[in-house]
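Chain identifiers are assigned alphabetically (A, B, ...) following the order of the sequence lines, protein sequences preceding nucleic acid strands; residue numbering begins at 1 within each chain.
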Amino acid sequence: MPYTTNDIRRVEEKWQKYWAVNKTFQARELPGKEKYYVLEMFPYPSGKIHMGHVRNYTICDVIARYKSQRGFNVLHPMGYDAFGQPAENAAIKRNTSPAEWTYKCIADMRAGLRQMGFSYDWDRELATCDESYYKWNQWLFIQMYEKGLAYKKGSAVNWCPSCATTLANEEVINGACWRCKSEVVQKDLEQWYLKITQYSESLLADLQKLPNWPARVIAMQENWIGKSYGADIFFKVKGREDTITVFTTRPDTIFGATYVTLAPEHPLALKLSRGTGQEAAVKVFIEKAANTSKSLRMSGDQRKDGVFTGAWAINPVNGREVPVWIGDYVLMGYGTGAIMAVPTHDQRDFEFAREHGLPMVVVIEDAARPGVAPEQMTKAHEDGGVLVNSQQFNGQPNEEAKKNIALWMENNGLGRVAVHWRLRDWLISRQRYWGAPIPMIYCGSCGIVPVPVAQLPVKLPPDAPITGEGGSPLAKVQAFVEVKCPKCGQAARRETDTMATFFDSSWYFLRYCDPHNDQVIFDPAKAAYWMPVDQYVGGIEHAILHLLYSRFFTKFIRDLGLTAVDEPFDRLLTQGMVLKDGEVMSKSRGNVVDPDEVIAKFGADTLRLFILFAAPPEDQLEWNPAGLEGNWRFINRVWNAVETRYVRMPSQTNAAGQALPGAVMDAEDKKLELERNAAIKKVTESMEGGFKFNTAISAVMVLMNAIDKYHAVPGDAGMRAVCLNRAIETVVLLLAPFIPHVAEELWEMMGKVQPGTANPSIAFEPWPVFDEKALVTDTVKIAAQVNGKVRGEFEVPRDADEALLRPLVLADEGVLRHVAGKEIKKFIVIKNKLVSIVV
RNA sequence: GCUGGAGUGGCGGAACGGUAUACGCGUCGGUCUCAAAAACCGAUGUCUUAACGGGCGUGUGGGUUCGAGUCCCACCUCCAGCACCA
């Protein structure tokens with residue numbers, strides 16, 4: 001009987017229930033047993049699971065089950081990143097509450113996850129919107145506040161008008177909100193920040209400790225952290241007390257600095273223009289820049305607008321008086337917000353100087369155009385060369401001069417060696433309801449006072465008015481806002497902003513180690529056992545955001561003494577997207593395939609197998625219904641082999657699985673044993689070499705093809721039965737991580753599963769081992785090449801040498817055709833592979 | 001522009017410097033059937049040939065090597081991320 005649609009329901013439900021009732025995948029600390037922590041990026045509960053989730057979690061599930069069969073003590077938890085704005089939007093739209101909507105979504109997702117047969121330890125399930133979780137968010141925030149890592153400051157911030165809230169730099173993608181794609185504007189607000197920049201150096205340096213992260217993620221983080229070496233240089237303003245400090249990575253070009261440019265937001269911008277006659281023009285320019293959105297200012301034609309301040313500054317190295325300009329291409333948020341302009345050696349400065357008629361001096365000789373005059377240049381010479389017009393530094397290669405000039409300036413008080421970072425502190429306050437309240441109190445006499453830890457959690461009031469129209473909803477809940485100052489007891493006000501949800505997800509992997517602890521954030525001993533996460537799997541969209549924040553939090557929590565790990569995720573796999581018709585599956589495109597429908601027709605195992613087989617996990621996956629049917633057919637072939645052949649074969653092995661005495665393998669038996677061992681080897685190598693599930697599965701298919709060709713039928717005894725049964729057992733064991741329901745069922749049909757025993761599931765059956773000796777055959781097939789082209793094929797004894805091969809090969813008709821009448825210059829033998837003849 | 005990655009049959013994709021295209025899909029042919037579906041068996045890079053064979057084939061052009069999809073050099077194209085970061 002083939003595996004039918006009826007069987008799918010029966011089998012999958014049976015084993016899902018079995019795993020749940022027996023808590024098959026419950027993890028506990030087992031000192032002395034090697035642990036393996038596999039984790040997927042937990043989902044935002046927005047409805048049912050979609051194909052992207054299915055792919056992500058299937059990858060993790062295979063890893064978890066494989067590692068379990070390899071004898072590891074596996075931790076594979078699941079939870080929900082449950083705070084966030086969509087819940088508020090849904091609440092408004094559906095006239096419900098964010099909590100109600102979120103818990104409904106969680107229930108739907110949980111059902112979907114169970115249907116897929118994922119091997120989670122359900123006892124560790126958590127949701128970040130539970131008080132028991134966000135209490136520890138608040139605790140962490142207070143720890144940060146007390147260490148000076150959480151602070152409040154007023155500054156220009158990213159504001160999404162559509163979401164009516166602030167955003168972190170990492171949440172602004174191409175000038176737009178990462179969530180709703182609306183254009184982000186700048187707004188001056190007082191907000192809470194986390195001092196991630198305190199860890200800039202180690203966040204950058206420790207990327208070296210992550211050799212098993214994808215190169216592009218490492219590169220993206222490096223770029224984002226953005227360490228630049230160079231110098232701060234002091235330009236005194238002529239006739240004033242003010243000094244403009246500029247940052248440059250090219251101190252070697254300082255003698256070519258012919259003007260200075262300030263960002264429009266620079267505090268000296270307006271001040272320096274006072275009394276110069278340029279004040280009005282400067283004012284207009286600054287206002288115009290302020291009213292132009294950042295994305296507009298940074299995009300478009302990139303023409304470089306600017307205005308002269310009327311002030312002059314002194315180039316400290318040569319005393320040259322240089323004009324001070326304001327330019328919209330200078331960013332206040334990077335370096336010092338002011339630059340020295342070297343138009344001959346920086347393309348942006350070149351364009352600005354041409355636009356505004358500013359002077360230029362060549363200081364690095366272009367080897368291709370020696371002695372070129374600035375007027376003849378059509379673009380800046382940004383490459384290297386030796387210095388000219390640079391006093392005592394003339395003739396030095398510019399890379400050397402970089403260091404020499406910076407040091408010389410530092411020694412003479414003209415500047416200093418400096419490092420600047422692109423990374424900025426993390427703005428985490430959000431003017432939204434559905435998040436963890438920031439546990440701070442404002443007192444008229446005591447100032448900012450943290451909520452005492454004993455009073456945590458600061459609970460989210462269930463009755464806040466959610467309108468989506470801006471302003472923190474919590475500010476409208478009097479009973480929430482009004483509070484007594486914990487220090488002096490006078491009337492005070494609570495902070496009404498909530499935390500960015502990336503705060504919640506920055507440490508959940510630690511909470512999984514001890515998810516129900518209500519005394520401490522987690523038991524350090526438990527974290528010491530499980531951490532770090534051995535394999536993390538998720539989407540590339542978190543390459544910076546979540547992965548950078550989590551690294552930061554881990555370092556902070558390490559510094560609190562709660563964990564010893566420097567990095568939370570040892571290995572990272574970024575899975576590819578699921579496409580249909582060449583496009584990402586999405587509701588708006590209307591090209592989604594509902595996992596439920598696929599499961600109903602083919603079962604979860606077929607869906608899993610298809611997803612794993614159709615592409616390597618990192619690659620994009622094109623949905624292919626025909627491919628799905630192919631995988632369904634394959635499962636059926638395995639099922640049939642067990643049902644119609646295995647269970648009807650007499651067992652011809654002893655208790656240890658060895659053949660009975662006297663049985664001898666013939667050539668065909670040996671062939672099958674070879675295929676069986678080769679399959680184990682190939683699958684194992686595919687798994688160990690970076691989870692190449694597609695090649696692992698194909699290797700099992702090859703073995704299955706060999707089994708189908710093997711001449712053993714029910715009733716055969718002796719070696720036929722031994723080899724066939726052994727091969728089929730191997731197939732089922734190798735497939736168990738991929739198609740767990742069917743594997744459990746077949747294992748049971750084969751009389752192997754004994755519920756209640758030490759190995760209550762095929763997930764704990766030891767992974768098959770291969771015998772290198774079985775892979776060695778008496779004869780091998782080799783190829784013969786003539787001048788690099790294959791001209792013949794030979795079956796020869798293993799390890800045959802030239803003395804044996806030469807006459808054999810040279811007698812071959814196909815080889816002779818290309819050798820006859822020519823001189824053999826070389827005869828190369830690559831043992832057991834080929835011979836190569838050069839004529 | 002910078003950074004990272006990728007270019008292999010009709011398609012998804014395999015290939016420790018050693019017989020390119022494993023495995024699967026699709027297609028074609030066959031078995032079974034009254035028929036169809038399912039299942040099973042076989043063929044399937046391309047050009048040429050009656051056939052045996054032969055030529056050409058991993059984005060392009062060079063190079064190293066007995067031998068290159070794989071290593072080196074120079075390009076081209078595509079994807080992704082960052083982008084006036086001084």
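- The residues A:E685 and A:K682 are annotated as not salt-bridged, no charged nitrogen and carboxylate oxygen being separated by less than 4.0 angstrom.
- Across all strands shown, A:Q785 has heavy atoms under 4.0 Å from base atoms, whether or not it also approaches the sugar-phosphate.
- Within the nucleic acid shown, A:G630 comes within 4.0 Å of sugar-phosphate atoms alone, with no base atom in reach, counting heavy atoms only.
- Across all strands, A:I173 comes closer than 4.0 Å only to sugar-phosphate atoms, never to a base (heavy-atom distances).
- In this structure, A:E222 reaches neither bases nor backbone, as no heavy-atom distance under 4.0 Å exists between it and the strands shown.
- Look at the P atom in both B:C47 and B:C41: the space between them is 29 Å, to the nearest Å.
- B:A20 sits 8 Å from B:U8 when the C1' atoms are compared, rounded to a whole Å.
- For B:G57 and B:G69, the P atoms lie 10 Å apart once the distance is rounded to whole Å.
- Between B:C84, B:C23, B:A86, one nucleotide has an atom nearer to the side chain of A:V330 than all others, and that is B:A86.
- Using a 4.0 Å heavy-atom cutoff across all strands shown, A:K825 reaches no nucleic acid atom at all.
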For residues 812-821 of chain A, run the donor-acceptor check on the side chains, cut-off 3.5 Å, and write out each pair with its distance to 0.1 Å, sequence neighbours left out.
unit_1 : atom_1 : unit_2 : atom_2 : d
A:D812 : OD2    : A:G814 : N      : 3.0
A:D812 : OD2    : A:V815 : N      : 3.1
A:H818 : ND1    : A:G814 : O      : 3.1
A:H818 : NE2    : A:R791 : NH1    : 3.4

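- One finds a side-chain N or O of A:N694 lying less than 4.0 angstrom from the OP1 or OP2 phosphate oxygen of B:A14.
- Taking atom P on both B:C56 and B:A39, the two are 42 Å apart, rounded to the nearest angstrom.
- Ring centroid separation for the pair A:F502 and A:W426 does not come in under the 6.0 Å cut-off.
- Close to B:C2, at under 4.0 Å from its OP1 or OP2, lies no side-chain N or O of A:R422.
- Residues of residues 790-799 of chain A that place a heavy atom closer than 4.0 Å to RNA chain B, in numerical order, are A:V790, A:R791, A:E793.
- Between A:R817 and A:A215, the residue anchored nearer the 5' end of RNA chain B, judged by the nucleotide with its closest heavy atom, is A:A215.
- Side-chain contact, A:S228 with A:T249: no donor N or O sits under 3.5 Å from an acceptor N or O.
- The interatomic distance linking A:F610 (CZ) with B:G26 (C1') rounds to 14 Å, in whole Å.
- Remark: the separation of the C1' atoms in B:G18 and B:G4 is 32 Å, to the nearest Å.
- There is no side-chain donor-acceptor pair under 3.5 Å between A:T606 and A:N631.
- Within the nucleic acid shown, A:H818 comes within 4.0 Å of sugar-phosphate atoms alone, with no base atom in reach, counting heavy atoms only.
- At a cut-off of 3.5 Å, with distance as the only test, a side-chain donor of A:Y549 or A:E170 sits close to an acceptor on the other residue.
- For B:A74 and B:C79, the P atoms lie 24 Å apart once the distance is rounded to whole Å.
- Centroid-to-centroid, the aromatic rings of A:W632 and A:F610 stay 6.0 Å apart or farther.
- One P atom belongs to B:G9, the other to B:G1, and the distance between them is 28 Å to the nearest Å.
- A distance below 6.0 Å separates the ring centres of A:F352 and A:Y259.
- Nucleic acid contact class of A:P616 (heavy atoms, under 4.0 Å, all strands): sugar-phosphate only.
- Phosphate contact (OP1/OP2 of B:C56, side-chain N/O of A:K789, threshold under 4.0 Å): present.
- Straight-line distance between the P atoms of B:A6 and B:A14: roughly 12 Å, to the nearest whole Å.
- Under 4.0 angstrom from either OP1 or OP2 of B:G24 there lies at least one side-chain N or O belonging to A:N705.
- Contacts of A:D708 with the nucleic acid, taken as non-hydrogen atoms under 4.0 Å apart, are absent.
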